[in-house]
Every structure is written in structure tokens, then in C-alpha cells.
Amino acid sequence: MGCWIARDFWGKGVGSTALDKFINYIFSKGPIVGLFASVAPENRASIRVLEKSG
């Protein structure tokens, strides 16, 4: 999953909500053992989204 969120929507939970829905969808479709994610180290907001999603 890749995403870009317009500045007007920063800090409103859009990224976290989208990622949570994506994760739930993926795990509902079959025997998925895990997911891998990466993010640029300077992108603190995206790091936080990943942290909140576990």
C-alpha cells in the first residue's frame, strides 16, 4: 500500500484509518502470516501511522 495525504487532512487519522482497513482486509482474505512495512526515516508522521497500527 502506498499513499499520499493532502496537507488539509494531516493529523486527522486518515492514514491510520486507511492502513487499519487495509490490514483487516488483507488478513480476512486468507492465511496471511504477516506484513512488512518500510518508511523513510525522516517521515515521522508515516512512522507514527505504522506504530499505531502495530
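Everything numeric here is computed off the predicted structure, so don't read it as measured data.
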Colleague: Distance check, rounded to the nearest 0.5 Å: Asn24 atom CG versus Asp20 atom CG?
Modeller: 6.5 Å
Colleague: List the atom of Ser16, the atom of Ser53, and the distance in Å for their closest heavy-atom pair.
Modeller: O-OG, 4.4 Å
Colleague: Just list the side-chain donor-acceptor pairs under 3.5 Å for residues 6-14, sequence neighbours left out, or say none.
Modeller:
from: Trp10; atom 1: NE1; to: Ile5; atom 2: O; distance (Å): 2.7
from: Lys12; atom 1: NZ; to: Asp8; atom 2: O; distance (Å): 3.0

Colleague: Quick one: closest heavy-atom pair of Ile47 and Pro41, and the distance?
Modeller: CD1-O, 3.5 Å
Colleague: Of all heavy-atom pairs between Ile26 and Ile32, which one has the smallest distance, and what is that distance?
Modeller: O-CG1, 3.6 Å
Colleague: Can you list every pair that meets side-chain hydrogen bond (donor to acceptor under 3.5 Å, both in side chains) and has a residue in residues 27-49, with sequence neighbours left out?
Modeller: Asn43-Ser46
Colleague: List, by chain and number, the other hydrophobic cluster members for Phe36, where Ile, Leu, Val, Met, Phe, Trp and Tyr join if side-chain heavy atoms come within less than 4.5 Å, directly or indirectly.
Modeller: none
